[in-house]
Amino acid sequence: MTSAGQQAVQDPAALRAAMVSELCEGTIASEAVAAAFLTVPRHVFAPDEPLAVVYDVDTALVTKTGPDGKALSSVSAAHIQAVMLEQAGIEPGMRVLEIGSGGYNAALLAELVGDDGAVTSVDIDSDIVARARAYLDEAGYERVQVVQADAEYGVAEHAPYDRIIVTVGAWDIPPAWIEQLTERGRIVMPLRFAGLSRCVAFDRAGAGLVSHSYRLGGFVPMQGEGTFTETLVSINGEAALRIDGPDPGFDVPALRKAMHGPRIEQWSGAAFDLPDELELFVVTSAPQVPFLHASQQLVDQGVFTPAVTYGTAVLVDGGSFAYRTKRENECTDGWESGVYAYGPNAEEIADRYVALLRRWATQYRHRGAARIEYIPTTAGDAPPVGWYTPKRHGVVAVTWR
């Protein structure tokens, strides 16, 4: 016999309501976005997944994998979808382009723009396009246009767009996306720069773009013309440096020697807080900051702390390097930031890193302190003042306020 409680657990409407209730605790702020999530049947777009998994706010649903087992496409976690839709500020009657199809997010967009708006979803993969089309039809969203094409070139036939929502990890912003955006349009996208990814809401600013907001978030990488592969420089098979662009010429033998030599620690006396904001500040405060990745074996041996298993921003100077750590300290709101440094110039590089930690804590310790700009090459402007990184079609510049 099935109890009433068990029936409720398997009821998609009840699970959907619970998901929305959880999202409204800190992610969803607008009634329109909440209503869209309550209306669209997420389980229709992932019929092979258990309902409890489908309606978990933090679970992405992989819909296609490559020969190596890596995800090529997915229905993003509801949490990150809600974040991006709130960033987008979509209003009824708008025209929206979604880059990267899955079906579910396009249905949410259709709810937000209403009958007077228009949604176009584009993907390079014919399997994904067919899947999205079938599930959108099943869920009652026949009016959404689904197009198979390389999103590097947008979808000109349905332009201009008030909003462009990018649901794949993009390393650059193609000219077509800006050209197909209205003068007051907004692009919301997970942009990769300086070795990390941020979901940035960019507002049109003349020929370029300026951030309205940014949040932590990442997606499966873009395919087609927009494909970009990061550089991985192996130190010893158990540790590596990951960096955007080509290897600048790291002294690998010296770094390998330093890694297994003595290390020093320095503490900043500053609070360790908002680690995603702090990391963004560190990587945009020096010309080139790679990320250090190392195996659990090296952590178990005491060579590194657990932070390196996920990747941590590291300053490198010849055969010396330093990365961030933390320790409990009631005098700094519970945690204090510091660094571990290795190599012959360990003290000097530790001093530089600690100075960055202190500067962030005293001047920029709050959400949204960065201003992120995208300046297309076609704009013809001189290089921006401050930190910037070149892209294929322009530059990303970051300033702090």
Side-chain angles (χ1 to χ4, degrees), residues 16 19-21 23-42 45 75-76 78-122 132 136 139-147 151 154-168 170 173 176-191 198-206 208-215 217 219 367-368 372 374:
R16 191 156 57 250
M19 177 186 74
V20 174
S21 178
L23 289 172
C24 286
E25 291 178 2
T27 303
I28 292 179
S30 63
E31 292 182 6
V33 173
F37 274 92
L38 277 171
T39 302
V40 179
R42 183 175 168 91
F45 299 89
V75 176
S76 302
H79 169 80
I80 192 63
Q81 289 175 314
V83 165
M84 294 180 74
L85 292 178
E86 288 288 349
Q87 285 182 291
I90 297 169
E91 299 175 1
M94 283 186 169
R95 300 176 67 86
V96 180
L97 173 64
E98 178 194 40
I99 293 174
S101 294
Y104 176 66
N105 195 62
L108 294 172
L109 293 170
E111 287 291 335
L112 291 170
V113 302
D115 293 339
D116 294 331
V119 176
T120 300
S121 184
V122 60
L136 283 164
Y141 295 94
E142 297 88 351
R143 66 186 185 275
V144 173
Q145 298 286 330
V146 184
V147 177
V155 183
E157 56 264 39
H158 299 302
Y161 302 103
D162 301 291
R163 298 289 187 268
I164 296 178
I165 313 298
V166 184
T167 62
V168 291
I173 304 178
W177 297 1
I178 301 176
E179 293 166 1
Q180 294 173 22
L181 196 65
T182 62
E183 287 299 317
R184 295 190 176 183
R186 179 177 296 173
I187 299 176
V188 181
M189 63 181 299
L191 179 65
R198 293 293 182 270
C199 284
V200 186
F202 282 112
D203 286 337
R204 183 82 180 261
L209 302 165
V210 177
S211 62
H212 174 271
S213 65
Y214 60 90
R215 297 286 296 272
F219 287 74
R367 289 281 176 205
I372 306 170
Y374 186 82

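This chain uses plain numbering: 1 for the first residue, then up along the sequence.
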Pairwise distance OG(Ser213) to CZ(Arg367) - rounded to 0.5 angstrom
12.0 Å
Are any side-chain N or O atoms of Arg186 and backbone N or O atoms of Ile165, one a donor and one an acceptor, separated by less than 3.5 Å?
no
Candidate pair Tyr214 and Ile372, rule side chain to side chain contact (heavy atoms under 4.5 Å, CB included), full reasoning
CA-CA 9 Å; Tyr214 60 90; Ile372 306 170; 4.0 Å; yes
Search all heavy atoms of Ala106 against all heavy atoms of Val119 and return the closest pair with its distance.
O-CG1, 4.1 Å
Side chain to side chain contact (heavy atoms under 4.5 Å, CB included) assessment of Val155 paired with Tyr161:
CA-CA 10 Å; Val155 183; Tyr161 302 103; 3.5 Å; yes
Indicate the atoms forming the closest heavy-atom contact of Gln81 with Val75, along with that distance.
NE2-CG1, 4.3 Å
What's the spacing between Leu181 CG and Asp162 CG if we round to 0.5 Å?
8.0 Å
Nearest heavy-atom pair of Leu136 and Gly103: which atoms, and what distance?
CD2-O, 3.2 Å
Any side-chain heavy-atom pair from Arg42 and Met19 closer than 4.5 angstrom?
yes
Do the side chains of Leu112 and Val96 get nearer than 4.5 Å, heavy atoms only?
no
Under 3.5 Å, is there a donor-acceptor pair between the side chain of Arg163 and the main chain of Ile90?
no
What one should report as the nearest heavy-atom pair of Ala139 and Pro41 is CB-CG, 4.2 Å
At their closest point, which heavy atom of Ala36 faces which heavy atom of Leu108, and how far apart are they?
O-CD2, 3.5 Å
Counting only N and O atoms by type, is there a donor-acceptor contact under 3.5 Å from the side chain of Tyr374 to the main-chain atoms of Ser211?
no
Atom CD1 in Ile80, atom OG1 in Thr27: separation rounded to 0.5 Å?
9.0 Å
Test Glu91 against Val113 for side chain to side chain contact (heavy atoms under 4.5 Å, CB included), laying out the working first.
CA-CA 6 Å; Glu91 299 175 1; Val113 302; over 6 Å; no
Atom CD1 in Ile178, atom CZ in Arg204: separation rounded to 0.5 Å?
7.0 Å
Sequence-distant partners of Tyr104, ring pair (Phe, Tyr, Trp, His ring centres under 6.0 Å), two or more places apart:
Phe45
Do Asp203 and Leu209 touch side chain to side chain, with heavy atoms closer than 4.5 Å?
no
Between Tyr141 and Glu111, is the side chain to side chain donor-acceptor pair (under 3.5 Å) condition met? List the steps.
CA-CA 9 Å; Tyr141 295 94; Glu111 287 291 335; 2.6 Å; yes
Can you tell if the side chain of Phe37 reaches within under 4.5 Å of the side chain of Ile28, non-hydrogen atoms only?
yes
Side chains of Thr167 and Ile99, heavy atoms from C-beta outward: is any pair under 4.5 Å?
no
Trp177 side-chain N/O to Val166 backbone N/O, donor-acceptor pair under 3.5 Å:
no
Do Arg198 and Arg215 have side chains that approach each other closer than 4.5 Å (heavy atoms only, starting at C-beta)?
no
Among Glu98, His158, Glu157, Arg95, side chain to side chain contact (heavy atoms under 4.5 Å, CB included) partner for Thr120:
His158
Do you know which two heavy atoms are closest between Val188 and Gln87, and how far apart they sit?
CG1-OE1, 3.8 Å
Is the closest side-chain heavy-atom distance between Gln145 and Ser121 below 4.5 Å?
no
Do Phe219 and Ser76 have side chains that get closer than 4.5 Å, going by heavy atoms?
yes
